[in-house]
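Take a look at the structure below.
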Amino acid sequence: MKKHNICHLVFLLLLLPDPSIHAQEIPLPEHPRPDFQRAQWQNLNGTWAFAFDAQDKGIQEGWTEGETVFDKTILVPFPWGSNLSGIQDEADIGWYQREIIIDQSWQGKRIFLTVGASDWETSIWLDGTFLGKHQGGYVPFSFELTDHVKFGEAQKLIIRADDARREFTLYGKQGYGNARGIWQTVYLEARGNDYLDALHFAPDIDNNKVKVTAYLSEPSDDDISLSLTITGPADPINHQAIMPAGKNRIRFDIDIPDPRLWNLEDPYLYEVEAVLGEDVVRSYFGMRKISVVNLPGTDYPYIALNDEPVYLQLALDQSYHPDGFYTFPSDQFMKEEIIRSKSIGLNGIRTHIKVEVPRKLYWADKLGLLVMEDLPNSWGEPDEKMRSESAYTLRGMIKRDYNHPSIFSYVIFNETWGLYSKTGTDENGRDRREYLPETQYWVASMYYLAKSLDETRLVEDNSICCGRGHTETDINSWHSYLPGWEWDNYLKNLTEQTYEGSTFNFENGFQQGKQPNINSECGNVWGYEGSTGDVDWSWDYHRMINTFRTYPRVGGWLYTEHHDVINEWNGYWRFDRTEKMNGLGEIMEGMSLRDLHADVYLSTGVDICKTVNGGEHIEVPLYLSVMTGKQIGADLNISYELSFTNYIGETEKYSSGSLKIAYTPWMQKPLEPLTVKVPDMAGVATLKLKVTDRNGQILHRNFMHFEIISDQKIPGVTVLSIPADRFSRAGWSKRHWNILDGRKVNGAGQGFFQYTIPIPEDVSSKGIKEAFFLVEVSAKECFVKDQQEYEKDQDFMRGSRVAPSANPNAYPMTDEQLYPSEIAVSIDGREVYSATLPDDPADHRGVLSWHHQLKDRKLREAGSYGYLIKVPVKKVMLKNALEKGELMVQLRTRGEGGMAVYGKQFGRYPLDPSFVLKR
């Protein structure tokens, strides 16, 4: 587990750089756009001379001439201030300088410099000659060098980036790490005298053709021949077209016989070579269709890929890197990002508040992962400058990313950020801000702008939250962050208000049509008072997914999030992409997140742990949700096993059974409840469910727990227990305290807990075969929240920093970094046992810690648990204890690792610290 102490307040920004960066001659050497690539190009990434210009004096002092010696170096294309750039963030304006040499072989071509992205105002000079200025932070731009090139000679290239904050710019979530200056690949390329400015492919699988639109940067004086060669699974397809004189755009269709469709299992890409005179561009496209169809057997509209419904299981992808911020360290890293999502069974991501790096989109295309692409937001008001910036970036994003088959939708605004106008002040003198009707109609116009630029994809006007609604949209999306136990009531209310003509979740004057209803942000991170901080997300996640699958009117969900960032630690992975452990496989063998994302899903509803009486017959609700059209046989087999852990930590298989269910594709059906009898003994039972096909192939696993209350005793066993908080003595170098009315006790630093367990007079040594002390105990890290008050009202979007464990709700989830503690156990003053407690873990295995949380939107060390320690009590010690009428046990740490002791209603095991006598 991460050591989240005070000195780690900024640890996310201090992680070591990706070692792959040093293995490359230049960073990110690959062509940045496999979808639009010329053969003659030169990558300018690498080390550049650099200088800050805090007083904005560079232009006046002639830095543009290339004679000024810059005092720093920067590694392009990483934004200044990021670790990978090699320099700190010292000013709003930065100057870059390097020499370039244009090869003699490029003579006769037009030479351009392209910057993939630079934030915000970027000006460029070559040998002192001004080439141009670009304003914007996310889309590529090019300036022509042709008239100024000296082939074969060194020339000085100067770039000035002014990234001063402007309220109208699309700053997005750069508070996580500023994209300062250049943050995507810079390169030179040779183009023909007449050249392609863009080449768009719109697949039409209904008619076995692709619609092509070719663009020039300006109309040509003469007719120009355009030749396309498409390489696919069969013979190459050749097509000739003519770009007429005086035109800068041409459209035509190309037949694609027997097309091999792009889908998530077979993401096939057709490769293209386009020749326009002397200009040659390589590109690709996928034959696929994005549309809306009804879920078979229902009138529920679903987003569809190739006319088949897709139950969306997506992650919010902040698309940040701790060392490069917006910029990833290597192409391999971007590829692995896509692989990570697919590895846990997701079928898509939402690249959040960022126009994504093209090579990451390429890997989504290549490996088969759906993408929702966001337009970044401003944090100012929706004035004319902001509207112009948004429209410009939207146009540039769609122009650049049109050919990526992975992209199925565009999200123009998020949670109404940047759409509120100041309309006055309230009685306390604070600004009053409103989402004005005039702004709402402008948002609707942005929807129509996006549709006019790309008719092949869905468009979302505003991914809504916090009481706001949609205007014009293709997707009826919504955000909700809730504790796990609230999901059933929430979805019941939402689905009852989801129908054509409903005004629910729409602004005044707008209403629902036949749009798919999907969740576009969910999880528990903001579901608790003041958010969760770093906490086990898997418990609430399990409850949430169980519930979503019983409401098929909702066509999918989007979990926040793929990886941690500086203010949200509920990612599937840490910010540095190391693993978190959810504990599912330790509860049920073979189970993983893929089971919670399975096409065939057996839900037991929102409750995954219930308190029941011993010996009770329990009716377990079952709901079978099938989100696939695959024919996998006439029947499914559901097998179950009830395992039981008693109050001295012994586990056994209690009962099992199976049943057959008739199968049809896309079925959504409540089944007859499963009746199980639980043991008549105190403990925890786990019902493990498995769905298999007729060949025994496992399709899905799931489980739920029962906390059993019973006074029945284990025959031949005497258990003398004491609550965890009833220690007789304690001493700790930092502090010790109780959790949730003493269900757990914590000791931080170096110290001990001592328990004195009374032994009744009627307990004798006669017939005792085994005696031992039993306790659940873990290491105890002293988190930031354990040491100081949490500072509220953080503005993370603008750069606030806080430790992951500072939030009062936090208890950092189990991950790759362990926090061990060495302990010694003494009985009656004599050390008899020692062990290393591996960690201070918190995940799904902390069943009782989660089950006994109060429903007040606050968390108290949820999911935390320990390790079961069994300390033998020798005969002489047993004799002494019986004579004294008590057993004195001391648990002491040998270092500063701390210790937590768990009672029977907290942690993993249903037991208090206990003296156990077996006869």
Side-chain angles (χ1 to χ4, degrees), residues 30-41 43 109-110 112 114 116 139-140 142 184-185 187 189-192 194-205 209-217 224-241 243 248-256 259-262 267-290 331 334 355-368 371 373 396-407 453-457:
E30 301 83 5
H31 194 284
R33 290 194 57 192
D35 63 302
F36 197 75
Q37 179 175 352
R38 293 179 171 89
Q40 288 183 306
W41 76 286
N43 195 319
K109 296 290 186 72
R110 294 175 67 177
F112 286 81
T114 296
V139 296
S142 300
Q184 287 190 37
T185 293
Y187 60 102
E189 67 177 357
R191 306 177 186 175
D194 293 298
Y195 64 88
L196 288 166
D197 185 52
L199 186 64
H200 290 166
F201 298 93
D204 179 358
I205 69 169
K209 64 184 180 181
V210 62
K211 301 176 180 179
V212 183
T213 307
Y215 299 86
L216 303 183
S217 62
I224 310 173
S225 174
L226 174 63
S227 173
L228 268 65
T229 300
I230 299 174
T231 303
D235 294 336
I237 300 169
N238 297 300
H239 188 89
Q240 300 288 329
M243 180 74 73
N248 69 340
R249 183 178 68 182
I250 183 175
R251 290 179 174 172
F252 52 90
D253 296 345
I254 301 177
D255 291 334
I256 308 291
R260 181 172 170 181
L261 301 185
W262 184 95
Y268 186 80
L269 299 175
Y270 283 79
E271 296 184 356
V272 180
E273 183 179 79
V275 180
L276 180 81
E278 297 177 343
D279 195 43
V280 181
V281 172
R282 298 194 64 85
S283 185
Y284 66 81
F285 64 89
M287 289 295 292
R288 65 97 179 91
K289 175 184 178 182
I290 301 298
D331 191 54
M334 288 183 267
V355 179
E356 189 53 277
V357 177
R359 284 203 71 92
K360 184 173 170 183
L361 296 173
Y362 162 73
W363 284 115
D365 299 337
K366 187 77 172 173
L367 300 175
V371 174
E373 187 169 35
M397 178 177 78
I398 293 176
K399 175 184 175 182
R400 190 199 71 176
D401 294 339
Y402 192 95
N403 291 339
H404 292 290
S406 58
I407 298 174
L453 296 170
D454 187 348
E455 297 178 350
T456 71
R457 293 178 172 90

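For Thr456 against Ala202, the heavy-atom pair with the smallest separation is CG2-CB, 3.8 Å. Residues Leu367 and Pro267 share a closest heavy-atom pair of C-CG, 3.6 Å. Here the closest heavy-atom approach between residue Arg288 and residue Pro405 is recorded as NE-O, 2.9 Å. Considering all non-hydrogen atoms of both residues, Asp255 and Ile237 come closest at O-CD1, 3.8 Å. Closest non-hydrogen pair, Ser217 versus Tyr195, comes out as OG-OH, 3.1 Å. Pairing each heavy atom of Arg400 with each of Leu361, the nearest pair is NH2-CD1, 4.0 Å.
In this structure, the side chains of Leu453 and Tyr402 stay at 4.5 Å or more apart for every pair of heavy atoms. For the pair Val371 and Glu356, the minimum side-chain heavy-atom distance is 4.5 Å or more. In this structure the side chain of Leu216 reaches within 4.5 angstrom of the side chain of Leu276, judged on heavy atoms. Within the 4.5 Å cutoff, no side-chain heavy atoms of Tyr268 are placed close to those of Met287. At least one side-chain heavy atom of Arg38 sits under 4.5 Å from a side-chain heavy atom of Leu196. His239 places none of its side-chain heavy atoms less than 4.5 Å from the side chain of Ile230. With contacts defined as side-chain heavy-atom distances shorter than 4.5 Å, the pair Arg282/Glu271 qualifies.
Atoms CD1 and CD1, from Ile290 and Ile205 in turn, are 9.0 Å apart once rounded to the nearest 0.5 Å. Residue Asp204 holds its CG atom at 7.5 Å from CG of Asp253, rounded to the nearest 0.5 Å. Going from atom CD of Gln184 over to atom CZ of Arg359 covers 12.0 Å, rounded to the nearest 0.5 Å. Atoms OH and CD, from Tyr362 and Gln37 in turn, are 9.5 Å apart once rounded to the nearest 0.5 Å. A distance of 7.5 Å separates CD of Glu189 from CZ of Phe36, quoted to the nearest 0.5 Å.
Atom NZ of Lys366 is surrounded by 12 or fewer heavy atoms from other residues, nucleotides or ligands within 6.0 Å. Lys289 NZ: more than 12 foreign heavy atoms inside a 6.0 Å radius.
Judged by the 6.0 Å distance and 45° axis criteria, Arg191 is positioned over the aromatic ring of Phe112.
Ring orientation note: the planes of Phe201 and Phe285 are close to parallel, at an angle under 30° on the 30°/60° scale. Aromatic ring orientation, His200 versus Tyr215: perpendicular (interplanar angle above 60°, classes split at 30° and 60°).
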Item checked: Pair Asn403-Tyr284, side chain to side chain contact (heavy atoms under 4.5 Å, CB included): steps then yes or no -> CA-CA 7 Å; Asn403 291 339; Tyr284 66 81; 5.7 Å; no
Next item on the list: Dump the intermediate steps for side chain to side chain contact (heavy atoms under 4.5 Å, CB included) on Trp363 and Ser406, then the final yes or no.
Entry: CA-CA 9 Å; Trp363 284 115; Ser406 58; over 6 Å; no
Checklist line | side chain to side chain contact (heavy atoms under 4.5 Å, CB included) evaluation trace for Asp401 with Glu373 | finding: CA-CA 10 Å; Asp401 294 339; Glu373 187 169 35; 2.8 Å; yes
Note to self: Walk me through whether Asp35 and Asp365 qualify under side chain to side chain contact (heavy atoms under 4.5 Å, CB included).
What the structure shows: CA-CA 10 Å; Asp35 63 302; Asp365 299 337; over 6 Å; no
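Asp279 and Arg110 are not joined by a salt bridge, as no carboxylate oxygen comes within less than 4.0 angstrom of a charged side-chain nitrogen.
When each of Asp194, Ile250, Leu226 is checked for a side-chain contact (heavy atoms from CB on, under 4.5 Å) with Met243, only Ile250 meets the rule.
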